[in-house]
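In what follows, a single structure is set out as structure tokens and then discussed.
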Protein chains: 2
Amino acid sequence: MVVAQKIKADDSTEEKIKSAARKLFTKKGFSATKTRDIATEAGINLALLNYYFRSKEKLFEIIMLENLGHFFQGVSIIVNDEKTGFHNKIELLVDFYISRLLVNPDVPLFVLNEARNNPKNLPLQFNLMNSYFMKQYMEETKMGRISKMNPGHLMINILGLAIFPFAARPMVQRIRNINDTEFEELMLERKKLVPQWIKAMLDINK
Amino acid sequence: MVVAQKIKADDSTEEKIKSAARKLFTKKGFSATKTRDIATEAGINLALLNYYFRSKEKLFEIIMLENLGHFFQGVSIIVNDEKTGFHNKIELLVDFYISRLLVNPDVPLFVLNEARNNPKNLPLQFNLMNSYFMKQYMEETKMGRISKMNPGHLMINILGLAIFPFAARPMVQRIRNINDTEFEELMLERKKLVPQWIKAMLDINK
DNA sequence: ATTCATTTTAAACAAATGATTAAAATAAAT
DNA sequence: ATTTATTTTAATCATTTGTTTAAAATGAAT
């Protein structure tokens, strides 16, 4: 039996508006994005934006939650999986971020900006510090398999090495004089390299 | 003989406007900053903004160049100094960035945003790749004192480890639940740690 | 076919915003 | 002291921008 599901088609008005809003908000931020730009990009009448989403703010909130999702969702599952080891989790985290950001390259700057403009909206579920990953980290140091590192530094280093190049993408491409393809290849390399580097950092004074 | 120099006093109208503009533009960006906010923050009549700086755009350009200066100026001197060694230069670079960003913590996100919105405005003087530092890097690898690493990765890693925590500051403080003082202490620690980490990364498979 | 609800459109509104103007206040020059 | 130049102010202008409205078009139900 075929169950008729009411899925919002990709070409529905609502979805067209959201796509346009996603594109513009993510790239230009809230203030620089005008409702008329969204309407034009979506190819719809301006009034439909308010008809479907009440206000620019409400529409922005939807996109914001989507983007925060891109950034934080999935991390919790990785860092709390009891079946994967400490170093393996780092590989999975780095792979996860780089893969996602290759598809959504504008998300990092969006999230960093949003985090500064509205720190309250940052999801608390991102419980990296109380995670199973942290337990494993403590165990590894206790066993002397890695050297002690302030967990704050460890977090900054993993995220920084994975995310920063995307936030700084135009600078990187300009300084190194590389095109989009070459940049993406560089990022793919980092999937393997970053975990090795983190390991090397954790091996100092072991 | 005392030479009378025409220094713009800190309390001059022009300087008051620039200070207010610097504060607001750097923190909120171009579009989210309103000319009336600048006037109020500076405690001056709105018309004086246009009287002294012609337009919001022109005023923004001045602040942008200042901020890019904070970010890029000084780097060239460090990386082209023939008297300092390879690893010493990394220490100096990291120290330089962290010191500057502790004073101007909002500059990184501003620059990253500006780099994406107007890649053309990025200064070309930032010739990290043709620097003496790069020559030294080649020499080090040739002598087998460090392992080969794509110069792009090396650049991303140095800048990322130094700059990313400032761009992600609210996220870092929220997740780690630390206050401003504790964050700054963490950054001071990184002055010593980042160069050690870079060294460890460069020692893999030496 | 007719009625009713939903969706879309063109037009307009009200507030916000960057900029300008002309007059007033202040400072500098003669 | 008087003139001239500079700086500041209040008011206003012209667009831009987010939102609303009332009518038209479209689709669904009876």
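Chain letters run A, B, ... following the sequence lines, proteins first and then strands; every chain starts at 1.
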Distances under 3.5 Å between protein N/O atoms and the N/O atoms of nucleotides 7-9 of chain D, please, pair by pair.
from	atom 1	to	atom 2	distance (Å)
D/dT7	OP2	B/Tyr51	OH	3.2
D/dT8	OP1	B/Thr13	OG1	2.8
D/dT8	OP2	B/Thr13	OG1	3.2
D/dT8	OP2	B/Tyr52	OH	2.7

Using atom types as modelled and distance alone, determine if a side-chain donor or acceptor of B/Ser31 lies under 3.5 Å from a backbone N or O of A/Ser31. no

Length of the line joining B/Ile38:CD1 and C/dA19:P, which is rounded to integer Å: 10 Å

Round to a whole Å and report the spacing from CZ of B/Phe30 to C1' of C/dG18. 9 Å

What integer distance in Å separates A/Leu59:CG from D/dG18:P? 11 Å

Without decimals, in angstroms, what is the distance between A/Leu49 CG and D/dT21 P? 16 Å

Kindly state each residue pair satisfying side-chain hydrogen bond (donor to acceptor under 3.5 Å, both in side chains) with at least one member in residues 36-56 of chain B, sequence neighbours excluded. B/Lys23-B/Glu41

Just wondering, are more than 12 heavy atoms of other shown residues or ligands nearer than 6.0 Å to CG in A/Asn177? no

In a table with atom names and distances, give each donor-acceptor pair under 3.5 Å that connects a side chain of residues 162-173 of chain B to protein atoms at least two apart or in another chain.
from	atom 1	to	atom 2	distance (Å)
B/Arg169	NE	B/Gln173	OE1	2.8
B/Gln173	NE2	B/Ile178	O	3.2
B/Gln173	NE2	B/Asp180	OD1	3.2

How many Å lie between NZ on A/Lys58 and C1' on D/dT19, as a whole number? 14 Å

Residues two or more places apart in sequence or in another chain: which of them pass salt bridge (charged side-chain N to carboxylate O under 4.0 Å, His left out) with B/Glu140? B/Arg145

A/Lys28: which residues meet the salt bridge (charged side-chain N to carboxylate O under 4.0 Å, His left out) condition with it, sequence neighbours left out? none

Please enumerate all protein N or O atoms sitting under 3.5 Å from an N or O of nucleotides 13-17 of chain D, with distances to 0.1 Å.
none

Minimum heavy-atom separation for B/Gly152 and B/Asn150, please, with both atom names. N-OD1, 2.7 Å

Quickly work out the B/Ile17 CD1 to C/dA19 P distance and round it to whole Å. 13 Å

Would you check if there is a donor-acceptor pair between the side chains of B/Arg22 and B/Asn104 at a distance under 3.5 Å? no

